[in-house]
There are 2 protein chains.
Amino acid sequence: MSPTRVRNRRATINDVATAAGLSRGTVSRVVNGERYVSDEAKIAVEDAIARVGYVRNSAARNLVTQESRAIALIIHEPHSLLFEDPNIGSILLGANAVLSKADYQLVSLIIDSDRDSRRVADYLRGGLVDGAVIISARASDPIASAVRDIGVPAAFVGHPPGTPDLPYVAIDNAAAARAITERLIGTGRRRIGMIASAMDRDSGNDRFTGFRDALGERFDASLVVEYPLYTYAAGLEGMQELLRRCPEIDGVFAASDAVAAGAMTALQESGRKVPDDVGIVGFDDSSWALRTRPQLSTVKQPADLLGSTAAELVLAQIEGRPSLAQVLDTTVVWRESA
Amino acid sequence: MSPTRVRNRRATINDVATAAGLSRGTVSRVVNGERYVSDEAKIAVEDAIARVGYVRNSAARNLVTQESRAIALIIHEPHSLLFEDPNIGSILLGANAVLSKADYQLVSLIIDSDRDSRRVADYLRGGLVDGAVIISARASDPIASAVRDIGVPAAFVGHPPGTPDLPYVAIDNAAAARAITERLIGTGRRRIGMIASAMDRDSGNDRFTGFRDALGERFDASLVVEYPLYTYAAGLEGMQELLRRCPEIDGVFAASDAVAAGAMTALQESGRKVPDDVGIVGFDDSSWALRTRPQLSTVKQPADLLGSTAAELVLAQIEGRPSLAQVLDTTVVWRESA
DNA sequence: GTGAAAGCGCTAACAT
DNA sequence: ATGTTAGCGCTTTCAC
């Protein structure tokens, strides 16, 4: 049962004040743990709070303090990708860890329609959050410019072209792709292809660029296939297509681990051995990489650090500290697939 | 650039009223799209809003209306499981679709520490949301009883033992497990084992119960291994252990598709053929099921419907309609793995 | 150390 | 159809 309290109405600070025989001001001071309250008053208030079952109304508090101590994390992903992408969970957890420590509530808002997009923009505009991190926005995502217009402190994870000029955290996809492609070249592969994905996003586009640059003159556009999403299915089909175009292909860079896993299945179904006949590398170092046989050589991307850094960028802005874009390091993890 | 507005202060309804030469009341009516405003006034207000750059302050509005038009979705999962579980994304999207249509904002709150747990409880208590969906709470999860105590309209996805007496949506895990196990028995398997997972949750526990019941007298406890999480790794290790205990095993029920995929890898590494030597079935009909070779026979669980139904249960309570627990149907999807 | 009072920005009931 | 007014529940000067 709930404590004795006024029927049909949540107890307010006034009820507490009356019950404690003190003023609202004093109750407020106790509730906010301020100095200058006698032990006597403190006890009386705490006792009264328990008796009337008081809990503070956040709307009222936010109204007067003009802050909410909440940060939004906006996820705008195509349906299928939402939880197919192992990075999202890590980014979320990374951001939550930082915000939690700073005593901010992380609220995740997902955008799955234009209607959502508008509602989320209103949510931000209304002052219900003090800042926002925008995750994996596509190029020229309307929510991205909305965030800029609203003027709420914000940071992006990733840095798509057309993104408003706001702080971001990203990895250097092109450099990472170049590094792993060079390493693949170093194993003596002669005909190297790529299964590119998500070319409408910075990640997909830059990974392709890095691949092309690493190959230089040896780059062969006919050995590149492109799919809209980073999925296992894309890898499966893409590899089959590549095999059709060039049966002698002996090296493949897949735009993500999921894609690489699909490609490996296609390779094995075609009777080829990995890495003996064909070497294959992925990107992410997600749990996919350990699931394939042989295990995948891949690029390790610090997803949780991406999330925590973005959160810190937002906090910095709120506190008036400088908040600068950051590019995080990646490393190549070499296993058995190439 | 932002529109002409009072420096260093967001425009309020008063600024709009002054600029339009009308009263606050009229401005409020226009903003809320109420009847009884002349076209003339409407235009004047809209014009003034644009000029001063007015956006409504949600805290103030929520304070007077005593509602927020937001619903929380609380995710309390162990780290690794968070985005390993393909159902979560679907549940989220399902809930979002329903709430979006009803013009409610879905805010996802993740609990990853005790600190988070307290903060989320405060968030709910503070009146920042009008309702909550609690997803996959473990048995006796403290947040579950907190939600009950707070008294906010709520619904659970899943129905762990020890859960407060609140509406929930679930599938009948035991019945589904029984159905697919019986089908496996029907293929003539003699030594059937199970890789159980997450026995501290209703899903894991009930799937085991269903398996045991289906086998009846033929149930052999030594053919059951148990792991804390529904993961590929659990399947891999679990299958190796089962093979060690009983090399003649010819049928396996894995508690989830991810587990089944791991088990299949172990089986293949041991030189066994699926389904010829060993038949294997999973649970979820997630994207995992299509990724294995051969593809998995499994139980299809309507994850998005779980989310949308839970959201409807919450809306029903808010609107004072009856809100009853629901058990959703599952179906067996028979493919090639057994 | 505590009380009184003003006001955050908005809606809604009541006048007119 | 529009203006006036009284709060919503809280924090925060400013007195004392």
Side-chain angles (χ1 to χ4, degrees), chain A residues 5-6 8-46 48-49 52-70 122-123 125-128 130, chain B residues 5-6 8-49 52-70 122-123 125-130:
Chain A
R5 81 166 70 151
V6 184
N8 281 335
R9 216 187 92 240
R10 277 177 56 162
T12 74
I13 203 172
N14 284 306
D15 299 327
V16 177
T18 307
L22 290 162
S23 74
R24 301 210 306 263
T26 302
V27 174
S28 178
R29 280 171 209 121
V30 172
V31 170
N32 293 303
E34 279 168 36
R35 299 173 311 264
Y36 304 131
V37 272
S38 64
D39 290 351
E40 197 182 347
K42 185 152 179 265
I43 290 168
V45 168
E46 282 166 350
I49 286 176
V52 304
Y54 170 74
V55 299
R56 169 159 76 194
N57 178 310
S58 300
R61 172 168 229 255
N62 293 350
L63 176 58
V64 41
T65 60
Q66 301 280 45
E67 63 164 23
S68 66
R69 295 209 76 82
D122 285 348
Y123 196 85
R125 251 192 289 274
L128 261 17
D130 298 340
Chain B
R5 80 166 71 153
V6 184
N8 283 333
R9 214 187 95 242
R10 276 175 58 162
T12 74
I13 203 171
N14 285 305
D15 300 326
V16 177
T18 307
L22 289 163
S23 75
R24 300 211 306 264
T26 303
V27 175
S28 179
R29 280 173 208 118
V30 172
V31 170
N32 293 302
E34 278 169 37
R35 299 172 311 262
Y36 305 130
V37 272
S38 64
D39 290 351
E40 197 182 347
K42 185 154 179 259
I43 289 167
V45 168
E46 282 167 351
D47 183 62
I49 286 177
V52 305
Y54 169 74
V55 298
R56 169 160 76 194
N57 179 310
S58 299
R61 174 168 226 256
N62 293 350
L63 176 57
V64 42
T65 61
Q66 301 280 45
E67 64 165 22
S68 65
R69 296 208 75 84
D122 285 347
Y123 196 85
R125 251 192 289 273
L128 261 17
V129 292
D130 298 339

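Throughout, a chain's letter reflects where its sequence line sits, starting with A, and its residues are numbered from 1. Since this is a predicted model, take the numbers as computed values, not measurements.
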Polar side-chain atom of B:T65 near backbone of B:R61 as donor-acceptor pair, under 3.5 Å: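 Yes: the side chain of B:T65 pairs with the backbone of B:R61.
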Donor-acceptor contact present, side-chain B:S68 to main-chain B:N62, <3.5 Å: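 Absent.
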Summary of protein contacts for nucleotides 8-16 of chain D, nucleotide by nucleotide, where a base hit scores B, a sugar-phosphate-only hit scores S (4.0 Å, heavy atoms): BBBBBB---
Interatomic distance, [X] [atom1] vs [N] [atom2] [rounded to whole Å]:
X      : N      : atom1 : atom2 : value
B:E40  : D:dT2  : CD    : P     : 7 Å
B:R69  : C:dT11 : CZ    : P     : 14 Å
B:E67  : C:dT11 : CD    : P     : 11 Å
A:L128 : C:dC10 : CG    : P     : 13 Å

Heavy-atom side-chain proximity of A:L22 to A:E40 below 4.5 angstrom: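 No, every pair of side-chain atoms sits at 4.5 Å or beyond.
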Any B:L128 side-chain heavy atom under 4.5 Å of A:L128 side chain: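 Contact flag for B:L128/A:L128 side chains = no.
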Under-4.0 Å salt bridge between B:K42 and B:D39: no
Atom pair CG (A:N57) and OG1 (A:T12), whose distance is rounded to the nearest 0.5 Å: 9.5 Å
